[in-house]
Structure formats: structure tokens, C-alpha cells
Amino acid sequence: MIIFNTENTTMPDFNQSRVADWIIKVTEAHNKKVGTLNYIFTDDDNILNVNRQFLQHDYYTDIITFDYSKRGVISGDMYISVDTVKSNSELQNVDYGQELMRVIIHGVLHLCGINDKAPGEREIMEAHENEALALLPQQ
């Protein structure tokens with residue numbers, strides 16, 4: 001089950017059914033099954049509070065993923081700051097919708113076991129993001 005919620009912001013404009021189908025397709029490509037994925041779209045203030053409260057990090061970020069996966073079934077809560085996604089899309093000169101999809105799938109890839117903190121892992125994550133984005137059907 002894939003759930004899209006909001007806290008302190010409006011729901012971004014995207015086809016939720018199409019994105020849910022895409023998430024399932026990407027998950028299956030990584031030999032995983034989807035359990036419950038809860039996306040919470042929020043603002044910078046709220047994601048900063050989540051980052052401070054749960055991770056003891058004092059900075060803004062585009063996504064925070066809480067992993068509840070078990071035995072090949074991915075589950076988790078993913079907080080996405082639409083403010084930071086918008087800022088990043090402007091900084092990188094990419095379409096906001098495209099950046100939002102990248103962040104949405106970034107959380108799923110973390111749940112599939114792909115990391116991006118150690119040396120060389122960021123490039124691996126980006127390659128997986130690009131492969132996943134290539135699977136996204138056009139509207």
C-alpha cells in the first residue's frame with residue numbers, strides 16, 4: 001500500500017496512481033515487494049523538526065526515510081520537504097516535477113538497500129535513480 005499525505009503544505013500535483021505503479025515497478029526490479037509506504041509531503045520547518053527530533057541533525061534536507069522493511073518487503077515513512085525539492089530544482093536548473101520524482105524514488109531506493117553516504121555510494125545511488133526515472137511512464 002502506498003499512501004500520500006501532507007503536513008503543513010498542499011499536496012504536490014502529480015498522478016498518484018501512476019507514481020504508485022512506478023514505485024512498485026522499481027521495487028520489483030530490485031527484487032523487493034511493497035509493504036506500506038507512507039509519503040508525508042511537508043515544508044522546511046517541519047522537516048527540520050523531524051531531522052532534529054529523530055536524527056539529531058540540525059539542517060534542512062529534501063527527504064528523511066524511516067525504514068521498517070522486513071524480509072524483502074519494503075515499508076517505511078518518508079518525509080519530503082517540498083520547499084527543499086523546489087529550491088534544489090532551481091539550483092540544479094531541473095523541472096520541479098522531475099526533481100520531486102527523483103526524491104520520491106530516492107527514498108524507495110534507500111528502502112531497497114542502496115546507500116549514499118560512504119565514498120562512491122552517491123554515484124551508485126544516482127545511477128539507480130536515473131534507471132528508475134527511465135521507467136517512469138510519461139503522463
Side-chain angles (χ1 to χ4, degrees):
M1 175 175 14
I2 300 171
I3 306 161
F4 299 104
N5 292 301
T6 61
E7 285 182 11
N8 302 339
T9 194
T10 57
M11 182 64 69
D13 183 24
F14 64 92
N15 183 320
Q16 293 181 16
S17 176
R18 178 176 73 89
V19 170
D21 289 345
W22 170 58
I23 291 167
I24 292 167
K25 189 175 188 179
V26 171
T27 302
E28 289 172 348
H30 288 271
N31 299 311
K32 306 283 184 188
K33 293 185 180 188
V34 170
T36 301
L37 300 178
N38 183 32
Y39 285 92
I40 304 104
F41 297 97
T42 192
D43 62 4
D44 271 351
D45 289 339
N46 195 45
I47 206 155
L48 181 60
N49 289 336
V50 170
N51 218 0
R52 287 174 175 161
Q53 181 178 354
F54 295 101
L55 302 174
Q56 291 71 55
H57 296 161
D58 193 25
Y59 53 82
Y60 299 102
T61 188
D62 51 3
I63 185 167
I64 298 172
T65 304
F66 295 97
D67 188 352
Y68 314 127
S69 303
K70 293 181 183 173
R71 297 187 198 96
V73 178
I74 66 164
S75 297
D77 292 328
M78 289 165 279
Y79 285 81
I80 295 176
S81 171
V82 295
D83 295 337
T84 299
V85 171
K86 185 173 188 318
S87 297
N88 287 347
S89 72
E90 291 168 357
L91 285 170
Q92 298 169 22
N93 198 29
V94 297
D95 177 73
Y96 168 78
Q98 178 183 345
E99 182 66 7
L100 182 63
M101 293 303 110
R102 185 193 66 75
V103 173
I104 285 172
I105 212 62
H106 182 92
V108 169
L109 293 170
H110 272 307
L111 296 175
C112 288
I114 300 164
N115 296 312
D116 61 356
K117 298 294 183 209
E121 288 181 341
R122 181 69 216 146
E123 294 78 10
I124 293 167
M125 174 62 86
E126 287 176 2
H128 283 283
E129 289 170 354
N130 291 338
E131 289 171 9
L133 288 167
L135 296 174
L136 180 63
Q138 298 305 312
Q139 300 215 42

Side-chain contact, heavy-atom cut-off 4.5 Å: [X] with [Y]?
{"X": "Leu37", "Y": "Ile23", "answer": "yes"}
{"X": "Val73", "Y": "Ser69", "answer": "no"}
{"X": "Phe41", "Y": "Ile104", "answer": "yes"}
{"X": "Met11", "Y": "Phe4", "answer": "yes"}
{"X": "Pro137", "Y": "Arg18", "answer": "yes"}
{"X": "Lys33", "Y": "Ile74", "answer": "no"}

ring-ring contact (aromatic ring centres under 6.0 Å, His included) contacts in which one or both residues fall within residues 83-102, not counting sequence neighbours: none
Does any pair with a residue in residues 34-46 pass side chain to side chain donor-acceptor pair (under 3.5 Å), and if so which ones, sequence neighbours excluded? Asn5-Asn38, Glu7-Asn46, Asn38-Asp77, Thr42-Asn46, Asp44-Ser81, Asp44-Thr84
Under 6.0 Å between the ring centres of Tyr79 and Phe54? no
Ring center gap for His30 and His128 short of 6.0 angstrom: yes
side-chain contact (heavy atoms from CB on, under 4.5 Å) evaluation trace for Met101 with Ile105: CA-CA 6 Å; Met101 293 303 110; Ile105 212 62; over 6 Å; no
Side-chain heavy atoms under 4.5 angstrom apart, residues restricted to Ile, Leu, Val, Met, Phe, Trp, Tyr: same cluster for [X] and [Y]?
{"X": "Tyr68", "Y": "Ile80", "answer": "no"}
{"X": "Leu135", "Y": "Ile2", "answer": "yes"}
{"X": "Val82", "Y": "Val50", "answer": "no"}
{"X": "Ile64", "Y": "Ile40", "answer": "yes"}
{"X": "Phe14", "Y": "Val108", "answer": "yes"}

Mutual orientation of the aromatic rings belonging to His106 and His110 [parallel < 30°, tilted 30-60°, perpendicular > 60°]: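 His106 vs His110 ring planes: perpendicular.
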N/O donor-acceptor pair under 3.5 Å between [X] side chain and [Y] backbone:
{"X": "Glu28", "Y": "Lys25", "answer": "no"}
{"X": "Trp22", "Y": "Leu133", "answer": "no"}
{"X": "Asn51", "Y": "Tyr59", "answer": "yes"}

CA sep, side-chain torsions, deciding dist, call: Met1, Val34, side-chain contact (heavy atoms from CB on, under 4.5 Å): CA-CA 7 Å; Met1 175 175 14; Val34 170; over 6 Å; no
Could you walk me through whether Asp62 and Asn88 pass the side-chain contact (heavy atoms from CB on, under 4.5 Å) test, one step at a time? CA-CA 8 Å; Asp62 51 3; Asn88 287 347; 3.8 Å; yes
For the residue pair Val103 and Ile63, what are the closest heavy atoms and their distance? O-CD1, 3.4 Å
When every non-hydrogen atom of Ile114 is compared with those of Met125, the smallest separation belongs to O-CE, 3.3 Å
What's the separation between atom OG1 in Thr9 and atom CG in Asp83, rounded to the nearest 0.5 Å?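 Between Thr9 OG1 and Asp83 CG, I get 6.0 Å after rounding to 0.5 Å.
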If you round to the nearest 0.5 Å, how far is OG1 of Thr10 from CG of Asn8? 11.0 Å
Pair Lys117 + Glu121, salt bridge at N-O below 4.0 Å: no
Does a side-chain N-to-carboxylate-O contact under 4.0 Å join Glu99 and Arg102? yes
